[in-house]
Protein chains: 2
Amino acid sequence: MSLKHALLGIISYHEMTGYEVKQFFDSSVQHFWNAELSQIYPTLKTLEENGFVAKRVELQENRLNRNVYEITETGREEFLRWLRSPAPPADLRDPFLIRIFFGVQAPVEDVLIILRRQMEEQQKVLAFSETVLRDRIRDSDKHPHHGTKNSLFWSLTLELAIAYRRAYIDWCERSMSLLEEGFLDAPVAEPEPAAAAPSSAESA
Amino acid sequence: MSLKHALLGIISYHEMTGYEVKQFFDSSVQHFWNAELSQIYPTLKTLEENGFVAKRVELQENRLNRNVYEITETGREEFLRWLRSPAPPADLRDPFLIRIFFGVQAPVEDVLIILRRQMEEQQKVLAFSETVLRDRIRDSDKHPHHGTKNSLFWSLTLELAIAYRRAYIDWCERSMSLLEEGFLDAPVAEPEPAAAAPSSAESA
DNA sequence: CATCTCATGTAATCAGTTACATGATTTC
DNA sequence: GAAATCATGTAACTGATTACATGAGATG
């Protein structure tokens, strides 16, 4: 499980509560990873059982006590071991491509519509990455626990995300052009005058 | 769940057993989706309960009977409805990027090593996509159930996968260059003559 | 004689999301 | 007075993988 190691990595910067870990996720690695609090809390517990982190309870008045986790020496070793261990290339798992794959089964116009919509969504994500997220990294230089070197690695991950979105958008454009060409070659959807009105069934 | 619709899409070509569906996965959509038999069989069952597919049992001698599934009219309607419905952009979930993100915590040489290894793995996937998979599409034109139009959509999905791998490889190269430059700027890992030998602990 | 293909499933486990439950303090 | 922030968790469910179980026929 990568989450365990992601948590170790985060806590290795400095001690943190589960809640703070979640904030870290939302403000920094959210473009390639995410985790809910309901997953973070139990994972911290098992990490503690494994001896990779140590818990310290900070008593508070009139509100829930804070469980502050700190990385242990074995935790740090385990994290570094994992960091250098080989990672098989992540496979693409994209539900949108399922739609495209079966595109013959719908009118070309409809496929063009979903392609355009997908492109727009991807553009939104890209825009967000290129503005908000990049600025966030720039600002992080000023903060403690996040020196310039650290933000170099942070931007590397962001640049991959950006490259991916750009490639996706380009692909949408190329696909739309191709389909428009193909549409001209074989105008199946046009209302033909005589006979054989192709109704829904038995196209297989 | 996308699997349900993927199965509907596959079965909409022509009736099939669960085993054949798995073969279809392995030979055509494997570059962006996968499913195990242990997931396919129960899913076909629920699809049947929903009335989207109909099961017919083909008796066989001396071996297990074949459960052949055929799409129903409602199944086809549901599939087309889903096909045109909007798909939110898939988010990148890449464990390798977690390693890079925390790259400061390891010697630069080690990060360069994992980057190179990742690049090589991505190149293998790319090579496979550009040879085997492309050929497979070309050959599919001759087969029944898979006309030229169908293979157009098939190649579209493959081209996205290829574009993604290429972008990934480029990014690996750029990242390695950047890190090599940065390494020259700040040679932290070099054996310094005097004092302060930085041993493992308290770097946070 | 071993391995692959055909053909079906169940059980256990893992990873992740959504919903539920609680409650004080701060900000708008 | 409502909503967001801080802070903890559990329970239910979904989606996917791995392991288990069975067994005939074909290929090498």
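Each chain gets a letter, A, B and so on, in the order its sequence line appears, and its residues count up from 1. Because the structure is predicted, anything quoted here is derived from the model rather than measured.
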- Proximity of B:Tyr164 and A:Tyr164 rings by center, below 6.0 Å: yes

- Task: Determine, step by step, whether B:Lys55 and B:Glu70 satisfy the side chain to side chain contact (heavy atoms under 4.5 Å, CB included) criterion, reporting the C-alpha distance in whole Å, the side-chain angles of both residues, the deciding distance to 0.1 Å, and the verdict.
- Result: CA-CA 7 Å; B:Lys55 181 168 88 172; B:Glu70 190 186 7; over 6 Å; no

- Ion pair check, A:Glu173 and A:Arg116, cut-off under 4.0 Å: no

- For DNA chain C, determine which residues of residues 40-56 of chain B have any heavy atom closer than 4.0 angstrom to one of its atoms, and list them numerically. B:Tyr41, B:Lys45

- Task: Determine, stepwise, if the pair B:Ile98 / A:His5 fulfils side chain to side chain contact (heavy atoms under 4.5 Å, CB included).
- Result: CA-CA 8 Å; B:Ile98 307 181; A:His5 295 101; 5.7 Å; no

- Whole angstrom value for the distance that separates P of D:dT8 from CE of A:Met16: 13 Å

- Task: Find the distance A:Gln23:CD to D:dT5:P and express it as a whole number of Å.
- Result: 9 Å

Are any protein N/O atoms closer than 3.5 Å to N/O atoms in nucleotides 17-21 of chain C? If there are, list each pair with its distance.
unit_1, atom_1, unit_2, atom_2, d
C:dT18, O4, A:Ser38, OG, 2.6

- Task: Mind running a 4.0 Å heavy-atom check of residues 59-70 of chain A against DNA chain D and sending the residues that fall below it, in number order?
- Result: A:Gln60, A:Arg63, A:Leu64, A:Asn65, A:Arg66, A:Asn67

- Item | Nucleotide D:dT8, atom C1' - distance to CG of A:Leu37 in whole Å | 9 Å

- Message: Aromatic contact between A:Phe52 and A:Phe79, with the criterion being ring centroids under 6.0 Å apart: yes or no?
- Response: no

- Under 4.0 Å between a Lys/Arg side-chain N and an Asp/Glu carboxylate O for B:Glu48 and B:Lys45? no

- Starting from P on C:dG16, measure out to CG on A:Leu7 and report it in whole angstrom. 10 Å

- Helix axis bend for the helix from C:dC1-D:dG28 to C:dC28-D:dG1 - C1'-based end axes, five pairs, 10° rounding: 40°

- If we only count heavy atoms from C-beta on, is the A:Leu179 to B:Leu152 side-chain gap below 4.5 Å? yes

- For A:Leu47 and A:Tyr69, what are the C-alpha separation, side-chain angles and deciding distance, and is it a side chain to side chain contact (heavy atoms under 4.5 Å, CB included)? CA-CA 10 Å; A:Leu47 238 27; A:Tyr69 292 93; over 6 Å; no

- Message: Does this structure show an ion pair linking A:Asp135 with A:Arg138, if we count only N-O contacts that are shorter than 4.0 Å?
- Response: yes

- Scanning both residues in full, the closest heavy-atom pair of A:Glu15 with A:Glu20 reads O-OE1, 4.4 Å

- With sequence neighbours excluded, what pairs up with A:Ser85 under the side-chain contact (heavy atoms from CB on, under 4.5 Å) test? A:Arg81, A:Trp82, B:Arg99

Please tabulate, for side-chain N and O atoms in residues 87-96 of chain A, each donor-acceptor pair with protein atoms closer than 3.5 Å (sequence neighbours left out).
unit_1, atom_1, unit_2, atom_2, d
A:Arg93, NH2, B:Asn34, O, 2.6
A:Asp94, OD1, A:Phe96, N, 2.9
A:Asp94, OD2, A:Tyr168, OH, 2.6

- Note on the structure: A:Phe32 CZ to C:dG16 C1', in whole Å, measures 17 Å

- Message: Can you measure B:Glu58 atom CD to C:dA7 atom P for me and round it to whole angstrom units?
- Response: 9 Å

- Tell me yes or no: between the side chains of A:Ser129 and A:His31, is some donor less than 3.5 Å from an acceptor? no

- Query: For the pair made of CD in A:Glu20 and C1' in D:dC6, what is the distance, rounded to whole Å?
  - Reply: 10 Å

